[in-house]
Amino acid sequence: MDHAALFATPDVSREHRPDGSILLRATTPLGDHPPSVLHDLRRWALEAPDHLLAAEREPGNGQWQSVTYAEADAAARSIGEALLELGLTPERPLLIPSGNSVGHLLMTLGALTAGIPAVPISVAYSLLSHDHARVREVTELTTPGAVYVEDGAQFASALAAIADIDDSIPVIAKTNVPDGARSLEELRATTPTTRVEDAYAAIDAETVAKILLTSGSTGVPKGVLNTHGMWAADQRGMQHAWPFLTQEQPVIVDWLPWSHTFGGNHNVGMVITNGGSLYIDAGRPAPGLFDQTLANLAEIKPTICFNVPAGYALLVSALEGDEGLAQAFFSRLRLVFNAAAALPAAVRERLVGVSERTLGRPAVITGSWGLTETAPAVTTAHFPFTDSRCIGVPLPGTELLLVPCDEDAYEARVRGSIVTPGYLRRPDATTEAFDDEGFYRTGDAVSLIDEADPSRGVAFRGRVAEDFKLTTGTFVRVGAVRTNLLSALPVLTDAVIAGEGFDRVCALAWLNVAEATKILGREPIADGAVYADPELAAWVGKRADSDPSLGSSDRIRRLILMTTPADLDAGEITDKGYVNQRRVLALRAELVERLFAAEPDPAVIVTGGRK
């Protein structure tokens, strides 16, 4: 299926302002839409009651356990009634430290049906953290009226951290229900009354649906207010851009965490709005877990694939090596969708190559851009493009203001019904986030793909706060440099870019050990916090310097491969699972010093070879 059969033709107006800024907007109006995604849930429960809404594999036997639209709607009404009986209110929301599951989905729908916000927390904070400081901070910020966990035993430490703040908060669990707690089945057995129906009837576009957390890497996380209207408007905008959604119910296999707006708002919302089916993937692009993702993709055969660049880097390697998997994966796939960061050009080209060998035509690969504060999609690329940085054009109902921030880029600012009203109990942060015209300051840098034609879209250039100048005066776009590096070296899983205060660009990077082992025929040699393997260094150094078109601001001169993963508790990873560039560089200052030493030690890879 080609772009014309999938996508609406973009039609974008442009207004040049005297101050040099540019205002872009879709000429197609957003139009009327339900006040909430919940209204679509109830619509599908009537129109297709037995259609599968969500499924997850049962522990032990691996069989899919599912819930239909009618079952989900009934559960939402009962759970909503029970939560109201427990005393939850808009000021006392439902805290969910668990990961993706059918239980998590039903609890969220129940809370939203009763006009109660849901507050999902990253499992990284509730399970992987050593001190649970973030869990305590979020509890203090949000003052929850109850907490839901999938497994009371598994989340015992997180529950203890919550109790440290307020030991009167009721606990709800699906399995291993703690003493004095309520079970999910108890809540599902509650008889709904007019109380929950009155709460549902009172929901409007301004009602808060979720409180999603920002990274909080330099302080207490901010709670981003996501309203029902934001969520519903964003899904209607996507229907305008992707009209095939209204003609074919989507089927997706997805691991992306619901504590993040991409998985929890964009993908879950798209399924519910369009009467689709969501298969919850217990895998993810991580060692020991990705095989589960591959098995799920082969069995379910999704119609849309959602992932991040690291996931596609692993997926394309698997597809290239397994013709049967490729045949199953592409058999009914309409498009490949990337978000969170630019998809490296090399990965994109490999995906196109394997699809052409499998289907006889290239797969449709598209991308988008948005934020936790925007429900999330602001732009999407619903047209053919060749620049992997392209994030598309504004969705209907959304205005994108491009404000000059240097000689060749703009800061992107957003206004429209998809934008947050602000941050929970942080009027200072809310005021600072918006300019005088009510545009949300995203802090992201973009540029026009084609100055003469705004319908060609905009290119993502990275975070304004991450960019820097070399001592030579050359400006470095960190996002572009990182993407170029990962594209040139698929053996890397991620990297941070260094060079501020110096005369050259260098990087600290993490190695995909499995890929490196394939290349070397053995495991790479580690020396403490770094890999010190001469053969690997020669291979990496040559390929990192293989693009003659790169200038001084784009070319990595030195590189260190780290053995120590990014530390969540130290703030090196955000709640969304992304690496915090500045935090990593600050905490690994010793490695940065080694990068820029006058005489680099053997573990420092000098691109192009040592001179």
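Each residue takes its place number in the sequence, starting with 1.
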- Item | side chain to side chain donor-acceptor pair (under 3.5 Å) assessment of D204 paired with T207 | CA-CA 5 Å; D204 60 23; T207 304; 3.1 Å; yes
- Go through the steps for N176 and Q154 under the test side chain to side chain donor-acceptor pair (under 3.5 Å), then give the verdict. CA-CA 8 Å; N176 293 315; Q154 184 183 25; over 6 Å; no
Min side-chain heavy-atom separation [X]-[Y] under 4.5 Å:
| X | Y | result |
| --- | --- | --- |
| R134 | P221 | yes |
| L187 | S78 | no |
| M230 | V224 | no |
| P285 | T293 | no |
| S417 | L30 | yes |
| L424 | L225 | yes |
| L314 | N512 | yes |
| P90 | V208 | no |

- Ion pair check, R482 and D494, cut-off under 4.0 Å: yes
- So, are K174 and E56 salt-bridged, with charged N and O less than 4.0 Å apart? yes
Measure from the side-chain N and O atoms of [X] to the backbone N and O of [Y], and report whether any donor-acceptor pair falls under 3.5 Å.
| X | Y | value |
| --- | --- | --- |
| K210 | W231 | no |
| R92 | T143 | yes |
| T430 | Y423 | yes |
| T398 | G416 | no |
| H104 | G99 | yes |
| T372 | T214 | no |
| W258 | N265 | no |
| R195 | E81 | no |
| S277 | L52 | yes |
| T194 | E197 | no |

What's the spacing between [X] [atom1] and [Y] [atom2] if we round to 0.5 Å?
| X | Y | atom1 | atom2 | value |
| --- | --- | --- | --- | --- |
| N100 | S259 | CG | OG | 7.5 Å |
| R236 | T273 | CZ | OG1 | 8.5 Å |
| E137 | I121 | CD | CD1 | 10.5 Å |
| T139 | D164 | OG1 | CG | 9.5 Å |
| I252 | M270 | CD1 | CE | 8.5 Å |
| T190 | E185 | OG1 | CD | 10.5 Å |

- Query: Taking the six-membered ring where the residue is Trp, are the ring centres of H51 and W44 under 6.0 Å apart?
  - Reply: no
So which heavy atom on [X] is nearest to which on [Y], and how close?
| X | Y | answer |
| --- | --- | --- |
| S126 | H132 | O-NE2, 3.2 Å |
| L184 | G103 | CD2-CA, 3.8 Å |
| P396 | G237 | CD-O, 3.9 Å |
| L94 | I116 | N-CG2, 4.0 Å |
| D166 | S168 | OD1-OG, 2.5 Å |
| P93 | T142 | CD-O, 3.2 Å |

- Donor + acceptor pair across side chains of W255, N296 (<3.5 Å): no
- Hits for ring pair (Phe, Tyr, Trp, His ring centres under 6.0 Å) against Y279, two or more places apart or cross-chain, chain-then-number order -> W64
- All ring pair (Phe, Tyr, Trp, His ring centres under 6.0 Å) counterparts of F337, not counting sequence neighbours: W242, F262, H266, F306
- Task: Quick one: do L106 and R188 satisfy side chain to side chain contact (heavy atoms under 4.5 Å, CB included)? Show the steps, please.
- Result: CA-CA 9 Å; L106 296 181; R188 292 189 66 175; 3.6 Å; yes
- Task: Let me see the working for D254 and V271 under side chain to side chain contact (heavy atoms under 4.5 Å, CB included), right down to the final yes or no.
- Result: CA-CA 11 Å; D254 195 29; V271 167; over 6 Å; no
Using the salt bridge (charged side-chain N to carboxylate O under 4.0 Å, His left out) criterion, which residues pair with [X]? Sequence neighbours excluded.
| X | value |
| --- | --- |
| D179 | none |
| R588 | E572 |
| R415 | E399 |
| E47 | R43 |

- Note on the structure: Partner of N61 under side chain to side chain donor-acceptor pair (under 3.5 Å), picked from Q63, R57, E58, is E58
- Task: Check the surroundings of atom CD in E299: do more than 12 heavy atoms from other residues, nucleotides or ligands lie under 6.0 Å from it?
- Result: yes
- Task: Give the intermediate values and the outcome of side chain to side chain contact (heavy atoms under 4.5 Å, CB included) for residues C305 and F329.
- Result: CA-CA 9 Å; C305 182; F329 176 71; 3.9 Å; yes
- Check against side chain to side chain contact (heavy atoms under 4.5 Å, CB included), L315 and L294: CA-CA 8 Å; L315 177 60; L294 297 178; 3.8 Å; yes
